[in-house]
Amino acid sequence: MKRFKADLHIHSALSPCAMEEMSPPAIVEEAVRKGLHMIAICDHNAAGNTASMQEAAGTAIAAVAGMEVTTVEDIHVVGLFPDAAKACSAAETVRANLPPLSERAKRFGQQLLMDAKGRVVGTESKMLAASSALTLSETVNLIKRHDGLAIAAHVNRPSFSVMSQLGLFPPDVGFDAVEIFLKPNAVPPFGSEHFHGLSVVSSSDSHFLFEIGRCATILEVAEPTFDELVQAIKGIGGRRCCCA
Ligand SMILES: [Zn+2]
Ligand SMILES: [Zn+2]
């Protein structure tokens with residue numbers, strides 16, 4: 001096994017709260033510069049930039065197609081998928097459960113679809129910052145049906161996490177892993193490897209380029225691929241992961 005550094009929660013310019021600078025090629029360049037071997041693009045309730053992100057990544061870095069769903073309970077769930085097609089298919093269901101973009105929300109931020117060169121090729125007309133109508137359980141099941149990993153996002157944050165919204169960690173929802181956000185050199189609030197029996201990952205939740213890699217996960221795997229990531233998160237075949 002080898003050790004690889006991964007940042008599995010990065011927003012692109014498709015998320016209204018992310019900066020326009022978060023284009024596929026700029027994210028790849030910054031991630032490579034920071035020494036990361038794997039990234040995941042997780043826009044709010046959308047996966048429309050995942051294919052261009054993978055095209056921009058080429059062989060420079062492994063780019064996983066993801067999405068950060070907001071459930072009806074206002075819980076953020078990160079879904080990581082085997083490919084952009086499966087991410088986009090899951091995102092279609094989420095999109096059907098979102099309200100249209102209001103005039104007020106348009107002022108909050110743009111929702112830019114970009115190609116691999118970072119050129120704007122369209123905009124999203126649903127309100128990605130809104131909660132979807134999907135429950136937590138429906139969201140996890142949707143991710144699983146698309147062969148994805150369902151990760152409880154930033155559980156140590158005081159908002160939009162399972163802990164903040166439910167007051168406890170639901171044991172029977174079917175999460176594959178738990179994500180924490182750690183400030184540099186901070187000690188994890190619970191062990192760095194397991195929480196309620198699940199693997200723990202640490203991700204940056206970047207909305208700006210400079211935030212990429214500010215916290216990360218170490219993967220002990222044969223190579224930085226989605227299949228190996230799944231095995232590391234499930235602790236299969238000697239693969240493992242822990243907070244960097
Ligand atoms: Zn979030
Ligand atoms: Zn996020």
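Everything numeric here is computed off the predicted structure, so don't read it as measured data. Excluded from the calculations below are hydrogen atoms, water molecules and symmetry mates; all remaining heavy atoms, backbone and side chain alike, are included. For ligands, and for the atoms within them, numbers begin at 1 and follow the listed sequence.
- Its N, O or S atom nearest to the Zn ion (ligand 1) is what matters here, and for His76 that atom is ND1.
- Between Ser15 and Asp43 the shortest heavy-atom distance is OG-OD1, 2.6 Å.
- The Zn ion (ligand 2) lies closest to atom OE1 when only the N/O/S atoms of Glu68 are considered.
- Taking every heavy atom of both residues into account, Lys34 and Ile212 meet most closely at NZ-O, 2.9 Å.
- Checking His9 against the Zn ion (ligand 2), an N/O/S atom falls under the 2.8 Å cut-off.
- Using a cut-off of 2.8 Å, one finds that His207 contributes no N/O/S atom close to the Zn ion (ligand 2).
- The nearest N/O/S atom of Asp205 to the Zn ion (ligand 2) is OD1.
- Residues Ser12 and Ile41 share a closest heavy-atom pair of CB-CG2, 4.2 Å.
- Val173 and Met163 fall within a single hydrophobic cluster, where Ile, Leu, Val, Met, Phe, Trp and Tyr side chains are chained together by heavy-atom contacts under 4.5 Å.
- Considering all non-hydrogen atoms of both residues, Ala31 and Ile39 come closest at CB-CG2, 3.6 Å.
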